[in-house]
Amino acid sequence: MAIAEFSGHYAHNIDPKGRVTIPAAYREGLGSGFTLGMNNDLTALALYPAEEWRAIGQRMNRIPVSDAHAMAYVRLIKAFSYPEQNLDAQGRLLLPSRLREKAGLDRAICFVGVGRFLEIWDEARFDAFCMRSEADLQSLMDYVNERYFKPTEDGRAF
């Protein structure tokens, strides 16, 4: 299976049983045996296709257990990760209450494609994040260009 490329933004609701229907546009890329967990900065949930989660695990496994500071990060990510997830026949996924609590998810949520994985945000929290990021857009673009892209001859980077 090719590596999925997730983009877009879809608003949904969590049902009373804690389930959410994954948008049809994301289901094939997500595949079976995906991992549900927290995103890197613990602001939202993340859905990692199996191949992406394996790559993350390999990088985490290179961290020596003697590095207490780095292992604190590994523990946080791994403790709130649920591998081998699959959708039910209706394309739904049960979001464990502990994860919903950590991510501040109640009812109104949104799915956000962020390249190699998906995030599930509280809708109001994501709107606030977008407002802050849009207000700082030039600084964000400068940072990304400076850190990750080399300018071309005409001076453009990203």
Side-chain angles (χ1 to χ4, degrees), residues 1-65 67 69-130 132-134 140-141 143-145 147-149 158:
M1 181 173 164
I3 294 176
E5 176 65 30
F6 298 102
S7 60
H9 171 267
Y10 296 88
H12 275 264
N13 289 311
I14 298 174
D15 76 13
K17 293 181 180 179
R19 298 173 302 194
V20 65
T21 301
I22 304 298
Y26 293 144
R27 292 179 196 168
E28 183 179 341
L30 197 54
S32 63
F34 59 89
T35 294
L36 168 66
M38 297 299 297
N39 70 351
N40 233 16
D41 53 2
L42 307 179
T43 55
L45 299 185
L47 298 171
Y48 300 97
E51 189 174 328
E52 178 66 17
W53 186 249
R54 271 191 294 282
I56 290 169
Q58 288 171 349
R59 289 191 304 271
M60 286 187 181
N61 286 340
R62 291 194 309 250
I63 297 171
V65 295
D67 184 341
H69 191 69
M71 285 304 295
Y73 170 77
V74 171
R75 278 187 198 94
L76 274 174
I77 297 301
K78 292 284 192 165
F80 297 104
S81 298
Y82 298 83
E84 299 299 324
Q85 298 293 302
N86 290 294
L87 304 178
D88 69 12
Q90 288 77 40
R92 297 176 301 191
L93 175 66
L94 175 65
L95 303 176
S97 60
R98 183 72 174 125
L99 286 183
R100 292 194 316 265
E101 179 184 307
K102 287 197 80 53
L105 304 179
D106 185 27
R107 180 162 165 69
I109 62 161
C110 60
F111 289 88
V112 179
V114 287
R116 296 182 312 258
F117 62 98
L118 293 170
E119 290 182 332
I120 304 173
W121 285 75
D122 171 77
E123 192 170 43
R125 183 185 274 186
F126 185 70
D127 288 344
F129 166 81
C130 288
R132 287 189 310 274
S133 297
E134 289 166 7
L140 292 172
M141 287 179 10
Y143 175 82
V144 169
N145 284 330
R147 179 141 184 167
Y148 298 102
F149 301 104
F158 186 60

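The residues of the chain are indexed from 1 along the displayed sequence.
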Distance in Å, Leu87 CG paired with Leu94 CG, rounded so as to fall on 0.5 Å steps: 11.5 Å

Just so I know, are the side chains of Thr43 and Phe129 near enough to count as touching, which here means a heavy-atom distance under 4.5 Å? no

Carefully, step by step, assess Met38 and Leu99 under the rule side chain to side chain contact (heavy atoms under 4.5 Å, CB included). CA-CA 7 Å; Met38 297 299 297; Leu99 286 183; 3.8 Å; yes

Does Leu36 reach the side chain of Pro96, with side-chain heavy atoms less than 4.5 Å apart? yes

For residues Phe126 and His9, report the shortest heavy-atom separation together with the two atoms involved. CE2-CD2, 3.5 Å

Can you give each donor-acceptor pair under 3.5 Å made by side-chain atoms of residues 102-115, sequence neighbours left out, with the distance rounded to 0.1 Å?
from   : atom 1 : to    : atom 2 : distance (Å)
Arg107 : NH1    : Ile14 : O      : 3.3

Between Asn13 and Asp15, is any side-chain donor less than 3.5 angstrom from a side-chain acceptor? no

When you measure from the side chain of Asn39 to the backbone of Ala46, do you find a donor-acceptor pair of N or O atoms at a distance under 3.5 Å? no

Lys/Arg N to Asp/Glu carboxylate O, Arg54 vs Glu51, below 4.0 Å: no

Straight-line distance of Lys78 NZ to Met71 CE, nearest 0.5 Å: 9.5 Å

Which heavy atom of Phe6 sits nearest a heavy atom of Gly29, and at what distance? CZ-C, 3.5 Å

If I compare all heavy atoms of Pro83 with all of Thr35, which pair ends up nearest, and what's the gap? CA-OG1, 3.3 Å

Taking it one step at a time, do Tyr48 and Ser81 satisfy side chain to side chain contact (heavy atoms under 4.5 Å, CB included)? CA-CA 10 Å; Tyr48 300 97; Ser81 298; 6.0 Å; no

Give the minimum heavy-atom separation between Phe117 and Leu47, together with the two atoms involved. CB-O, 3.3 Å

Provide the closest heavy-atom pair for Arg27 versus Thr21 in the form atom of the first, atom of the second, distance. NH2-CG2, 3.3 Å

Per-pair distances, 0.1 Å, donor-acceptor, side chain in residues 57-65, under 3.5 Å, sequence neighbours excluded:
from  : atom 1 : to    : atom 2 : distance (Å)
Asn61 : ND2    : Gly57 : O      : 3.2

Would you compute the distance between atom NE2 of His12 and atom OH of Tyr10 and round it to the nearest 0.5 angstrom? 8.5 Å

Search all heavy atoms of Phe34 against all heavy atoms of Pro49 and return the closest pair with its distance. CB-CA, 4.1 Å

The residue among Val20, Leu95, Ile120 that forms side-chain contact (heavy atoms from CB on, under 4.5 Å) with Arg100 is Leu95

State the CH2-CZ distance between Trp53 and Arg116, to the nearest 0.5 angstrom. 13.0 Å

Can you tell me how far CD1 of Ile22 sits from CD of Gln85, rounded to the nearest 0.5 angstrom? 10.0 Å

